[in-house]
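Naming: A, B, ... by sequence-line order, numbering from 1 per chain.
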Amino acid sequence: MLEIVENRRPDTSDTEASEPLPIELMTVQMGPAHPAMHGVVRIELKLDGENVVDADVHIGYMHRAFEKMSEISTYTQVLPYTDRLNYVSPLINNVGYVQCVEKLLEIEVPPRCQYIRVIVSEMSRITDHLTCIAAMSMELAAFTVFLYFIKAREYFYELVEDICGARLTTTYTRVGGLSHDLPDGFARKLKKAIADTRDVIEEVEGLVAKNRIFYDRTRGVGIVSAEQALSYGWTGPCLRASGVSYDVRRDVPYLVYPKLDWQVITRTEGDTYARFEVRIDEMRQSLKMLEQAVDDIPEGPFRVSDPRISLPDKSQVYNSIEGLMNHFKLIIEGVRVPPGEAYFAVEGANGELGFYIVADGSGKPYRCRPRSPGFALTQGLAPTIKGGMLSDIVPVFGSLNYIAGEVER
Amino acid sequence: MAAPPVKLKINGQEITAPAGSSILETARQNNILVPHFCYHPHLPVVGNCRMCQVDVEGIPKLQIACATPIREGMAVQTENDRVKKARQGVLEFLLINHPVDCPVCDQAGECSLQDYYMKHGLYQSRFSFRKVKREKAQELGPHVLLDQERCVLCTRCVRFTSDVTKTGELAVEQRGFHAQITLFPGRTLDNPYSGNVVDVCPVGALLSKDFRFQSRVWFLKESKSICPGCSRGCNIRVDSRGQQIYRILPRENLDVNKVWLCDDGRFNFAFVGAPDRIVSPQARSEGKLTDVTWPIAMVAMADRLRAMAEAGSTVAVLGSAQSPCETSWLAKRLAVDFLRGGPTEFGRSLRGTTGSDRSDDFLEEPDKNPNTRGAAEVGLGQGSDEALEGLRQKIASGSVRGLILIDFDPITELPGQAWDEALRGLELLAVLKSNTSPACAAAHVVLPLTTFAEQDGTFVNSDGRVQRFAAAFGPVHTARPGWQALRDLGKMVGLGWSYASAEEVFGALAREVASFSAMTYKNLGDLGQPLGGGSSASESTGGETVPAAAGNGAGAAEPVRAFGWRQWSWERKRPWE
Amino acid sequence: MFNAVLIDLLKIGLVVAALLQAASILTWVERKQSAAMQDRIGPNRADILGLTVLGLFHPIADGIKMLTKEDFRPRGADPYLFPLAPVLAFAPAVIAFAVIPWGGTLRFGEGAETWFVPLRIADINVGILFIFAVVSISVYGVVLAGWASANKWSLLGGLRAASQMLSYEVSMGLSAMGIFMVFQSLRLSEIAAGQGELMFGFIPKWGIFVQPLGFILFMTASIAEAKRVPFDIPEGESEIVAGYFTEYSGMKFGMFFLGEFVEVVLASALITTLFLGSYQIPFVVADQARNLYGLQLPGAELWPWNANLVAILQALAFVFKVCVMIFLLQTIRWTLPRFRYDQVMNLGWKMMFPLALANLLITAFLILALS
């Protein structure tokens, strides 16, 4: 890389000054050990005072070889790895991954399972947006907003904990269904969480949305036009904040999204404030969807009943050799997926989250590559912060919601 | 075999096959897998498991594919509903009394019952009675245990003892429900090939005492290797995890060992992880051998060699019939190119790595060195006792002042000759060995070498077949392969060797040694080539046999993996299944 | 004479002790108050013999921790200036308290033996200027810390601090100027005494009433001087790591940390002194103490030191007002996001500076008109 060191000397031709002072740009490594970089990314900055002259984003501090590990894991064993992709909304990753495997298997899960998958996806989207805005606000020193939203996120994390026993490492879905059904009283708890979250969102909007300092810090900062956003490959809230109305849930429908009443939120400004607004409004839409889905959810099985895909009942496993062998082979060997390749995209919290899987007929993916929205967002980061001020990096970076888990995989 | 080939259809696919073969055999050749328990290509057909039933057009009842010969115009269905239902029934009967044992069974993961259940079973158990209890872990012999509950009575083991070893220790006793495998009264399963019954058993009934409960099979990494136990050069598969060998299994090579392996070879891997492995290079300093690093030991050795070369002292090289061709050839080159034609010879171990001197007319050879032919072919010497005595005399008389010992210890292997004294008088004694031995005590430099399990290389068996073996894991401790140690030495003394791998050494060897000409690791393949065969020698193993690929279970449906490290395939069958 | 020195030393001891206590308790207040604002519990774990007392032992635990931490100096840091910086940042804030009056005058003895003990350490005629002068020294502490740490983030923090503090000192001085014009003095004791009067007979003549704009400007500027949110850009935690004290740890960091809280107390005390009537209790002056709010104090005749009672009440009132101010500043700190560097400069120079000038002008006209 070329070293950009400008030596600007003041024009001294008509002055007496004998030794003009050379002015050099200051190179600063912002991260990976930096509070705003979440410990996972490094931006090599060239600063002229407080102004960012050049920025170079270095990723890879959280690379975990997801793709390679997938190749030595069975289809089910890949699931826990997907938890760690976007670790703020792990359930969407779970859903996206199994949807892709099911596309290869050419099966459709029962309606109840479809509804549950939509519910957990939207819950995750809300937690993701809450976290994004919370972190962004915290980095703008609005620590109270952070804690309010973390409180709201807690409502949903408790529900997630109810569903699958874990808050982050959910691993809830399975190829052909779910690990288990929703717990008792889930609908009631969810409705309470929805109402409480609405209040918190109102409260936070009051705190920051009309706050002059917050407004000045975000409005007109980090503007990305629709053309630029598309050229970076952006999807999700950031793209919609730039005025492009694209949402996988509406444009390439899957599960029961077409049956629900909701809207795709867009803004035209393309700045940090627009991204903030889109996320806030999308949370409201997700809350609306959750209300409908939890009312409409049908009774029935929550996974397919094919012994080649779903595990047998435990009573069979413990008491008959057939059940034991079935279980043993599914666990050790994995669900055998017929040879082929498939791409399946869901609307992740930050955009189009796609999985591309090549199956070779064995119980392990031959190749498994997630198309993570975060990676595309990251390539827009450097051009967006270039020319701004050092302090602007923080809200821009925050509004792009850099989740190292999915960017670096 | 003079009869003209027969044309038939299996599942609608037109197939031409030699007359007289069975449907199952023909299907296997064409990658159509008919499930079976009792059939084994190297054992007589009995047809008692009924698993291989297929639908033959024109015959009202289903036929067992293993015992039905093909005939002209036959149309066979192996996957129609009748066949599937029949298989399901057979499987259900076999599993009625099968214990719920997978979690504690060594066969789990490579068990025919499991594979067939997932492929052909997939029914829910209807059996709600108590399963019959039988004896578990019944001792059959020094190496083999029998779990009566798991047995499906395919009688492969019985046929192995009666037809292959002809010792007949095993039999089926009782009838019907009570039938079970048993030892002939007063006998134990102690023939020198008893380990093979564990391999032929399609389920987890016959168990290797050595491997039992040691590792789940899917954790093991397979690598293709050659048994270093004797000059037969049986093809083996080394199953390892980390730097430990868990078991050795035979690999099919119809020209060498078919699918069998003697017990001496099967359990011949303790020396790899033995405590007497040389841990670090050593150099003599102030009269004592001290641990040093490789560079220090190598520089010390190279300096001494150069000084001796300048002084005109003769340095001899004593190689070994245990070393692979690559090491022996580089040793020879060193002697020729740098030691100005210093005498070279190689020694032959009496009992080799197995520690056994047993031999027979089946697999075990009297020469317990895997590469006697190879050492001779690369010109290291004759390997005879007389030749070695001649070398000893040269050393004793002082005409040879230095000796490089590779993989061989004349003190223990040639007790009749007074090597102990001779070695003590040397100006330089360099010992390159994997395991420590008395010669090390007299050495000036000791370099740890790898065993067969840690390096790539080639052996030439007593029939002159060049076969290659691959490393199962990286060198233990600080050991290095012999070719690498000699290459570095050659580099230091100015020979300019830059071989990056054993493969490159072998390539150079093949260019210089006529009988190896045109051979490469690639065209040696898994099964090797006869010496002097050149490139024309194919991997063919004879007309009537099953190609190795066909036995791989997954067959042609399995695409070629791009990554070599992904060793373990789910269809973990013995190669002949 | 000897007694006078002793009394002065006593007062100094009292003020310094109270100040340090206040600063360390403020660390607890900050955490506890923010916790209350954010639906949290806040510190509650440090205990002595199982007693937690609302987490009040946390400042002690923090103190022990900071004192026993490794005294780390990064490679490349200036060996002399690096340790000097925290002292320069901490000491001026404490010194400034020397001239702040925190109560009326106590009187002991009778006749020629009477001692008057004014509740302030020093009463100099340029009190407020002394404070500005001393406090501006703390800029050096911050700038030196930024420079001596040999860290680019520290340097950025130091630069930000320098420009911010210098800019806001201007507004701060100008906005206080109105007060001097109203009370015709730079002596803080006179300003304090002046605020005991009443305007139109019922409005206390507090700075906040005579100089409302000045109050807002002064308060804003003093938050900026104390480098608290939303003016914490020199620390700018998420932007420049921790700004000028990035490389400090242990008690050196502790001094910056305490210094910041002392500055909060100082800012509150200054605002109280200049704008919130100092130690004055409305409608209560020493002479009328006998007749508090028209009520005859029971046993007032038996109470010869009633003036002293008033003085003590006034000292308490001062503390109370300071506490209220601190609460206000903390509330602001936990509500607002942070400015950007250029926005701080804009606000300082393009908004506050002209406003302070205008305020000065209007005040001058009004005084002229009213006299």
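The number of heavy atoms from other shown groups lying within 6.0 Å of CZ (A/F375) does not exceed 12. More than 12 heavy atoms of other residues, nucleotides or ligands shown are found within 6.0 angstrom of NZ on B/K131. A/Y343 OH: more than 12 foreign heavy atoms inside a 6.0 Å radius. Taking a 6.0 Å sphere around NZ of B/K136, one finds it holds more than 12 heavy atoms contributed by other residues, nucleotides or ligands. B/F213 CZ: more than 12 foreign heavy atoms inside a 6.0 Å radius.
Within the model, atoms NZ of B/K119 and CZ of A/R308 stand 12.5 Å from one another, a figure rounded to the nearest 0.5 Å. To the nearest 0.5 angstrom, A/S320 atom OG is 12.5 Å from B/R126 atom CZ. The distance from atom CG of A/L324 to atom SG of B/C105, rounded to the nearest 0.5 Å, is 10.0 Å. A distance of 4.0 Å separates CD of A/Q316 from CD of B/Q124, quoted to the nearest 0.5 Å.
Contact of the A/I321 side chain with the B/C102 side chain is registered, since non-hydrogen atoms from C-beta on lie closer than 4.5 Å. In this structure the side chain of A/I332 never reaches within 4.5 angstrom of the side chain of B/R216, judged on heavy atoms.
Contact annotation for B/L113: both backbone and side-chain heavy atoms come within less than 4.5 Å of a heavy atom of chain A. Within the 4.5 angstrom heavy-atom criterion, no atom of A/D306 approaches chain B.
Here the closest non-hydrogen pair linking A/F328 and B/A108 is CZ-CB, 3.2 Å.
In the model, B/Y123 has a side-chain atom that pairs as donor or acceptor with a side-chain atom of A/E322 under 3.5 Å.
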Worked check of side-chain contact (heavy atoms from CB on, under 4.5 Å) between B/Q114 and A/N326 = CA-CA 8 Å; B/Q114 289 182 334; A/N326 191 350; over 6 Å; no
